Amino acid sequence: MDEEGYVRSIMSELNRNLATERMTIERMVDEGIRTYKVRDGSIVEVPQDQIDLLWEVCARMGAYNLRIPIYVTTDTAGEQGSWRVDGRMESDVIAEILGKRKTRDDSVRLHFADYRELRRKIPDLVMVVFAP
């Protein structure tokens with residue numbers, strides 16, 4: 001196996017926690033769905049208070065098509081220990097929740113304290129994606 005193939009296989013193992021399907025926050029609220037399945041076969045149950053918090057922010061912003069879970073990516077181009085949320089709607093919502101400014105129109109950078117705060121507020125609605 002070449003080096004690139006080896007790295008991809010490691011990343012695949014690290015990302016086994018990703019959702020098999022992402023649904024909109026509107027669908028979750030309308031249909032009363034509080035779970036989603038991840039690649040390793042486990043089910044994540046989302047407490048109602050997290051859905052309510054996210055729905056309140058999304059409704060205020062008109063972000064009804066926000067897909068759950070929200071992916072937080074490791075930011076290898078940024079400073080050590082940083083993450084980012086990409087996507088116009090996703091970054092808007094996360095910036096609003098954390099009271100942060102966006103770094104670009106479609107991205108918000110998170111430092112450790114930001115990520116910790118996000119995990120405190122909506123731990124079951126965000127997932128880390130490991131990227132090389």
Side-chain angles (χ1 to χ4, degrees):
M1 177 181 304
D2 66 352
E3 187 175 325
E4 185 176 326
Y6 178 71
V7 170
R8 286 186 196 277
S9 73
I10 290 173
M11 289 298 160
S12 173
E13 285 298 313
L14 289 173
N15 289 323
R16 290 190 60 169
N17 67 316
L18 300 183
T20 58
E21 176 187 358
R22 294 171 67 204
M23 69 189 85
T24 65
I25 185 69
E26 184 174 45
R27 179 177 171 213
M28 287 184 84
V29 169
D30 287 350
E31 297 178 20
I33 299 170
R34 292 187 39 217
T35 63
Y36 57 89
K37 188 175 181 180
V38 295
R39 290 181 185 174
D40 68 5
S42 60
I43 303 290
V44 174
E45 186 167 336
V46 183
Q48 189 63 44
D49 64 324
Q50 291 180 45
I51 293 172
D52 292 344
L53 171 70
L54 191 59
W55 178 249
E56 181 183 316
V57 172
C58 288
R60 207 170 44 236
M61 301 177 76
Y64 302 108
N65 290 323
L66 178 75
R67 297 228 173 252
I68 303 303
I70 299 167
Y71 289 150
V72 178
T73 307
T74 53
D75 190 358
T76 56
E79 303 157 20
Q80 184 178 3
S82 63
W83 295 267
R84 70 176 190 267
V85 175
D86 294 323
R88 186 174 301 272
M89 190 179 318
E90 293 86 347
S91 61
D92 283 348
V93 169
I94 296 304
E96 177 73 17
I97 288 172
L98 296 175
K100 288 193 60 77
R101 282 191 18 223
K102 292 173 43 172
T103 52
R104 296 188 329 238
D105 282 347
D106 62 348
S107 185
V108 62
R109 177 169 286 147
L110 308 176
H111 297 286
F112 181 74
D114 304 317
Y115 178 68
R116 184 178 61 223
E117 181 68 10
L118 185 61
R119 295 288 299 176
R120 187 185 69 73
K121 290 182 175 188
I122 54 171
D124 301 302
L125 294 171
V126 295
M127 292 190 149
V128 172
V129 177
F130 295 96

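Quick caveat: nothing in here was measured; it's all calculated off a predicted structure.
- Between Trp83 and Tyr115, the ring planes are parallel. Angles under 30° get that label, and only those over 60° would be called perpendicular.
- Taking both residues in full, the closest heavy atoms of Gln50 and Ile122 are given as OE1-C, 3.3 Å, listed atom of the first, atom of the second, then distance.
- Expressed to the nearest 0.5 Å, how far CZ of Arg60 lies from CD of Glu96 amounts to 5.0 Å.
- Atom CG of Asn65 and atom CD of Glu90 lie 10.5 Å apart (nearest 0.5 Å).
- One distance of note links OG1 of Thr24 with CE of Met89; it measures 9.5 Å at 0.5 Å rounding.
- With 3.5 Å as the limit, one finds a donor-acceptor pair spanning the side chains of Asp86 and Ser107.
- Closest approach of Arg34 and Pro47 over heavy atoms only: NH2-CA, 3.7 Å.
- The line from CZ of Arg84 to OG1 of Thr74 is 7.5 Å long, rounded to the nearest 0.5 Å.
- A donor-acceptor pair under 3.5 Å links the side-chain atoms of Lys121 to the main chain of Ile97, judged by distance alone.
- None of Val72, Leu66, Val57, Val85 except one satisfies the side-chain contact (heavy atoms from CB on, under 4.5 Å) rule with Ile94; the exception is Val85.
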Check the pair Val29 / Tyr64 against side-chain contact (heavy atoms from CB on, under 4.5 Å), numbers first and verdict last.
CA-CA 10 Å; Val29 169; Tyr64 302 108; over 6 Å; no

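- The two residues Val93 and Ala63 have their closest heavy-atom pair at CG2-CB, 3.9 Å.
- Of the inter-residue distances, the one linking Met28 atom CE with Leu125 atom CG reads 6.0 Å to the nearest 0.5 angstrom.
- In this structure, Asp124 and Val46 approach most closely via the heavy-atom pair O-CG2, 3.8 Å.
- Residues Leu118 and Leu98 approach most closely at N-CD2, 3.9 Å, considering heavy atoms.
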Kindly indicate, with the supporting measurements, whether the criterion side-chain contact (heavy atoms from CB on, under 4.5 Å) is fulfilled by Arg27 and Ile68.
CA-CA 10 Å; Arg27 179 177 171 213; Ile68 303 303; over 6 Å; no

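- Rounding to the nearest 0.5 angstrom, the gap separating the OG1 atom in Thr20 from the CG atom in Asp40 is 10.0 Å.
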Under the side-chain contact (heavy atoms from CB on, under 4.5 Å) rule, what do Glu45 and Tyr36 come out as? Steps first, then yes or no, please.
CA-CA 7 Å; Glu45 186 167 336; Tyr36 57 89; over 6 Å; no

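- The two residues Arg88 and Asp105 make their nearest non-hydrogen contact at NH1-CB, 3.5 Å.
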